[in-house]
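Everything quoted here is computed from the prediction, not taken from an experiment. Just so you know, these numbers use all the heavy atoms, side chains as well, and skip hydrogens, waters and symmetry mates. In listed order, ligands and their atoms are each counted from 1.
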Amino acid sequence: MNFYNTLSKKIENFKPQKGKTVKIYTCGPTVYNYAHIGNLRAYIFDDILIRALLYNGYKVDHVINLTDIGHLTSDADAGEDKMMKALAREGFPLTLESMKKIAEKYTVAFQDDLKKLNIFEYTENKNYKITWAKASDHIKEQIDLVKILVEKGFAYETDQAIYFDVKKFPDYGKLTGQKLEEKKTAVRKEVFEDKDKKNQADFALWFKRAGRFAGHVMYWPSPWGDGFPGWHIECSAMAMKYLGETLDIHTGGVDHISVHHTNEIAQSEAATGKTFSRFWMHNEFIVIGKDKMAKSAGTFITLNSLIEKGLNPLAYRYFCLGAHYRQQLNFSFEAVGAAENALNNLYSATIDLKKGDDIPAEEEFKKLLDNDLGVPEDLAVVWKIVKTGNGIDSLLKFDEVLGFDIKNKIKELSEIPEKIKKLLEEREEARKNKDWVRADEIRKRIEVDGYNVLDTAEGQKIKLKVKA
Ligand code: AMP
Ligand code: ZN
């Protein structure tokens, strides 16, 4: 398989470092609010990557974190803590207990979204193992890592925090290709700056419960007094705990490249002297017009709001797969509606497909997939099969990667609900009696339940509804 590696900025041949097992780390959500559908694109991308690896006969050892502490709203070391903000917003008391409740609430909501999108839903697959890692459960590992960095001289202490000294790590800009001098940090004038910080790009590994954080409710004892970890350190500590010092693939959205992932590399490699991750793969954004979908921009659309508009969550999945993961994708309700029509046409066509496989199509599908996950082209192969009318077995194999749940849909569609059957009989009767008005009424009732009725030479047929 070949993947684009952000580290080398090239498409490279991929093989796991050892045997058949691929070790993947994914930056998970900060569980302080609902995920928006931009966030969810990131996990649809992970899902496709993992499914493609499994399709190629690999095993996958996957770790994803849940940031339930210490993620500041600004990329700089200042700014408000996202979790603290959530407590205030929802009228919870500022206690560790309520912080846990908020984290739990949004973790459940997040995992529920993933389920609806058929993401990571192959936990029964013996070749796949997933570990959900909560930052607050791994304080010790994070402190241990900071201790190593202090001992090795990569970190220093001020009254406020322990910082990583970026000047001590010569390869600091290797992921972005930027030199340190060119790096613009996100420190804005109005936000707090620690006067004892040596370089502007130095980032906090550990915050002390002092100064502006004196009232912070989440804190743990450490060699530097009570405090809490910085955001970046959690990913390094948890990734290395579960997957070892060198990962095969690290994933995340493109917004993480310049700060979060750059810092993960610096602190991990400084501590171990080894490559932290061999491959870095990043998904592009969901945009609305020219802007990235983001909470702050007021363009916050959740999966549930799509469902409330009558859209099938798998239609959003189909919509995302229509673009390569390294291309921006412009969201609109109309576009997801069009994706739903395509998906329903696909389901309906699948029922009529003849058994058997289409070996040339399978070869083409795999070749495209193995070329940096050419999923949009793979969808074209799917439609080619539909056109020929043969090859349901191949299509079901492709669905192991695409995840449209075709197998269950066929079952569902071949068992027409009793209520619809009755309506069809009534309509047949009305047609016999040339009562076209009644026949049309019944057609509309059937449409409410999500089906189109077609009058064919062999009688009435139903298909999944396609909206005009
Ligand atoms: P966060 O909870 O902010 O850390 O985001 C979770 C994941 O979603 C990260 O991998 C982000 O890079 C990714 N992400 C954030 N916004 C978007 C967007 N508009 N489109 C695609 N991915 C995004
Ligand atoms: Zn991370």
Side-chain angles (χ1 to χ4, degrees), residues 6 24-49 62-75 79 81-83 85-86 103 106-107 109-111 113-114 117 119 132-135 138 142 145 175 203 229-243 247 249-268 276-277 280-303 316 319-320 323-331:
T6 309
I24 303 183
Y25 185 85
T26 296
C27 287
T30 307
V31 280
Y32 75 115
N33 206 336
Y34 295 107
H36 59 65
I37 55 174
N39 301 135
L40 293 172
R41 184 191 190 191
Y43 305 105
I44 291 176
F45 152 65
D46 287 306
D47 185 57
I48 291 290
L49 170 65
H62 185 206
V63 176
I64 174 166
N65 69 303
L66 294 163
T67 302
D68 57 352
I69 46 164
H71 187 169
L72 303 181
T73 46
S74 157
D75 283 338
D81 183 296
K82 283 187 180 178
M83 294 301 291
K85 252 180 111 173
Y106 291 114
T107 299
F110 175 67
Q111 290 176 330
D113 281 349
L114 297 191
L117 288 165
I119 294 173
W132 289 91
K134 259 196 238 170
H138 297 82
Q142 298 177 66
L145 192 52
L175 195 59
F203 56 92
W231 168 41
H232 315 298
I233 197 78
E234 74 174 80
C235 286
S236 293
M238 297 193 290
M240 292 198 279
K241 169 171 179 170
Y242 294 105
L243 299 172
L247 322 172
I249 306 175
H250 194 311
T251 67
V254 287
D255 52 333
H256 284 343
I257 298 173
S258 68
V259 178
H260 182 51
H261 290 168
T262 289
N263 293 350
E264 276 188 45
I265 291 177
Q267 65 201 5
S268 309
F276 176 47
S277 182
W280 287 85
M281 294 176 73
H282 293 99
N283 66 280
E284 254 298 348
F285 287 143
I286 291 288
V287 294
I288 296 198
K290 278 205 187 89
D291 301 320
K292 165 194 170 189
M293 180 172 292
K295 285 156 209 176
S296 49
T299 48
F300 186 93
I301 295 167
T302 61
L303 189 65
Y316 182 65
F319 166 73
C320 286
H324 190 258
Y325 74 92
R326 284 194 290 119
Q327 279 173 342
Q328 288 196 347
L329 181 56
N330 209 326
F331 170 84

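The shell of residues lying under 4.0 angstrom from ligand 1, judged by heavy atoms, excludes H282.
Residues L66 and P29 meet the side-chain proximity criterion, which asks for heavy atoms closer than 4.5 Å. Here the side chains of W280 and I257 are not in contact, with every heavy-atom distance at 4.5 Å or above. Side chains of I301 and I288 form a contact here, defined as non-hydrogen atoms less than 4.5 Å apart. No side-chain heavy atom of E284 sits under 4.5 Å from any side-chain heavy atom of Q327. Side-chain contact between H261 and C27: present, with at least one pair of heavy atoms (C-beta onward) separated by less than 4.5 Å.
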Taking it one step at a time, do I37 and F319 satisfy side chain to side chain contact (heavy atoms under 4.5 Å, CB included)?
CA-CA 11 Å; I37 55 174; F319 166 73; over 6 Å; no
Check the pair H138, Y242 against ring pair (Phe, Tyr, Trp, His ring centres under 6.0 Å), reporting the backbone distance first and the verdict last.
CA-CA 11 Å; H138 297 82; Y242 294 105; 5.5 Å; yes
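Not counting sequence neighbours, the partners of F110 by the ring-ring contact (aromatic ring centres under 6.0 Å, His included) test are Y43.
Taking a cut-off of under 4.0 Å to the non-hydrogen atoms of P29, the atoms of ligand 1 that pass are 2 (O). Counting the atoms of ligand 1 from 1 in the order shown, those under 4.0 Å from a heavy atom of G253 are 10 (O), 12 (O). Near T30, the atoms of ligand 1 lying under 4.0 angstrom from a non-hydrogen atom of the residue are 2 (O). Within ligand 1, the atoms closer than 4.0 Å to a non-hydrogen atom of N283 are 21 (C), 22 (N), numbered from 1 in the order shown. Each of the atoms 6 (C), 7 (C) of ligand 1 lies under 4.0 Å from some heavy atom of Y43.
Any N or O atom pair closer than 3.5 Å counts here, and R41 shares no such pair with ligand 1. Residue contacts with ligand 1: G38 is placed with a nitrogen or oxygen under 3.5 Å of a nitrogen or oxygen of the ligand (distance criterion only).
Between W231 and H260, the two ring planes are parallel [angle under 30°; tilted spans 30° to 60°].
Nearest-residue assignment for atom 9 (C) of ligand 1 (options H256, M293, Q328, H36; heavy-atom criterion): H256. With distances taken over non-hydrogen atoms, the option nearest atom 16 (N) of ligand 1 out of E284, K292, H261 is K292.
Listed by chain and residue number, the protein N/O/S atoms under 2.8 Å of the Zn ion (ligand 2) are C27 SG, C235 SG, H260 NE2, E264 OE2, with waters left out.
E264 and H256 share no donor-acceptor pair across their side chains, judged by distance under 3.5 Å alone.
Under a 3.5 Å cut-off, the side chain of N65 and the backbone N or O of K134 do not form any donor-acceptor pair.
Using a 4.0 Å cut-off between heavy atoms, N39 contacts ligand 1 through both its backbone and its side chain.
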